[in-house]
Amino acid sequence: MPHDHPNHSHDHDHGLSPSGHPYRADNDEPLTYWQRMEIAVRELLIEKGRITAAEIANQIEVMDARSPANGAAVVARAWSDPDFKARLLADAGAASREMGFDIGPLNLIAVENTDTTHNLIVCTLCSCYPRNLLGLPPDWYKTREYRSRAVREPRAVLREFGVNLPDSTRIRVHDSTADMRYIILPARPAGTDGMAEPDLARLVTRDAMIGTGLARTP
Amino acid sequence: MPPGHVRAPAYLRGKQGVIERPLGAFHNPEQLAYGLVADKKPLYRVRFTMAELWGDAAENPEDTLDAELYDHWLERL
């Protein structure tokens, strides 16, 4: 039991858990100003009949249901259908809606990786991410380290993700500073000729659509 | 940097780039952030070389960075 420590007091560091991880403090601290503000506004909206608790819960479920699988389906369609790929690169939002994805007001730009170009997405100012298509971003995407290093030393960052690119590959970093969100159309891996869209989609990882990874090979 | 909500990152200030594509007009986030009536401002994707941004410290001078910048932060050269 993590808290079964009869022989010492609780006013010092608890060290490591039996599994070797540091204990994480319970979040017992008081609500912040903005947490209280959010709860107050939410309760007022419900009390005044502007929105129901069920509608809020439903919207949370809609967001939680969004996942990288949506983007992977878009990528697989673009690999399979040259006309769709052209529409995706011209207007990625419209192309995603055409596939039936409800992405709300998302302004989406798709950028294509090729033999000679590799794209990488970052938001240096905050955590802009195509959530309405891919769901929530990974935690590292929001860290100060990723946000600052991706623009200054993208090749070093990519190496740490296991992506080693030759100097001859042009790296294009996209800083999502305003109203656009980005998805990368990864290069289609070799050995995938004739594969069906659902099988292709399984090769498309979240990181491949951020640019910190490549599509898997079958 | 000026105080307040500014969506032109400090590391791009004073740097030279080229318009990659115009994006249309969007409500100015620097007014939206304060609940003000926001004018629609033209937004552009601007492409910079890593050499322009980081000088000799650039990993590869010809790699590029694209950012979205509002018209009022740009100056024609």
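Chain naming here is simple, since letters A, B, ... match the order of the sequence lines and numbering starts at 1 in each.
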(request) Can you tell which part of Pro29(B) gets under 4.5 Å to a heavy atom of chain A, answering side chain, backbone, both or neither? (result) neither
(request) Select one option (side chain, backbone, both, neither) describing which atoms of Leu120(A) are under 4.5 Å from chain B's heavy atoms. (result) neither
(message) Please enumerate all residues that pass side-chain hydrogen bond (donor to acceptor under 3.5 Å, both in side chains) together with Glu29(A), with sequence neighbours excluded.
(response) none
(request) Give, as side chain, backbone, both or neither, the part of Leu65(B) having an atom under 4.5 angstrom from any heavy atom of chain A. (result) both
(message) Testing the basics here: between Ser96(A) and Leu108(A), what is the closest heavy-atom pair and its distance to 0.1 Å?
(response) OG-CD2, 3.8 Å
(message) Any non-hydrogen side-chain atom of Ile171(A) less than 4.5 Å from a side-chain atom of Leu165(A)?
(response) yes
Below 3.5 Å only, please: all the donor-acceptor pairs between chain A and chain B, one per line.
unit_1    : atom_1 : unit_2   : atom_2 : d
Val151(A) : O      : Trp54(B) : NE1    : 3.0
Arg155(A) : N      : Glu59(B) : OE1    : 2.7
Arg155(A) : N      : Glu59(B) : OE2    : 3.3
Arg155(A) : NE     : Asp63(B) : OD2    : 2.8
Arg155(A) : NH2    : Asp63(B) : OD1    : 3.1
Arg155(A) : NH2    : Asp63(B) : OD2    : 3.2
Ala156(A) : N      : Glu59(B) : OE2    : 2.8
Asp167(A) : O      : Asn60(B) : ND2    : 3.1
Arg170(A) : NE     : Glu62(B) : O      : 3.2
Arg170(A) : NH2    : Glu62(B) : OE1    : 3.0
Ile171(A) : N      : Asp63(B) : OD1    : 3.0
Ile171(A) : O      : Thr64(B) : N      : 2.9
Arg172(A) : NH1    : Thr64(B) : OG1    : 3.0
Val173(A) : N      : Thr64(B) : O      : 2.9
Val173(A) : O      : Asp66(B) : N      : 2.8
His174(A) : ND1    : Arg45(B) : NH1    : 3.3
His174(A) : ND1    : Arg45(B) : NH2    : 3.3
Asp175(A) : N      : Asp66(B) : O      : 2.7
Asp175(A) : OD2    : Tyr11(B) : OH     : 2.6
Thr177(A) : O      : Arg7(B)  : NE     : 2.8
Thr177(A) : OG1    : Glu68(B) : N      : 2.8
Thr177(A) : OG1    : Glu68(B) : O      : 2.5
Ala178(A) : N      : Glu68(B) : OE1    : 3.1
Asp179(A) : N      : Glu68(B) : OE1    : 2.9
Asp179(A) : OD1    : Tyr70(B) : OH     : 2.4
Met180(A) : N      : Glu68(B) : OE1    : 2.9
Tyr182(A) : OH     : Arg45(B) : NH1    : 2.9
Tyr182(A) : OH     : Glu68(B) : OE2    : 2.8

(request) Please answer whether the main-chain N or O of Leu134(A) pairs with a side-chain N or O of Arg206(A) as donor and acceptor at a distance below 3.5 Å. (result) no
(message) Could you measure the distance from the CG atom of Asp64(A) to the CD1 atom of Ile60(A)? Nearest 0.5 Å is fine.
(response) 7.5 Å
(message) Would the distance check show the side chain of Arg42(A) and the main-chain N or O of Ile46(A) forming a donor-acceptor pair, the cut-off being under 3.5 Å?
(response) no
(message) Using only atom types and a distance under 3.5 Å, with no angle test, would you say the side chain of Asn132(A) pairs donor to acceptor with the backbone of Ile103(A)?
(response) yes
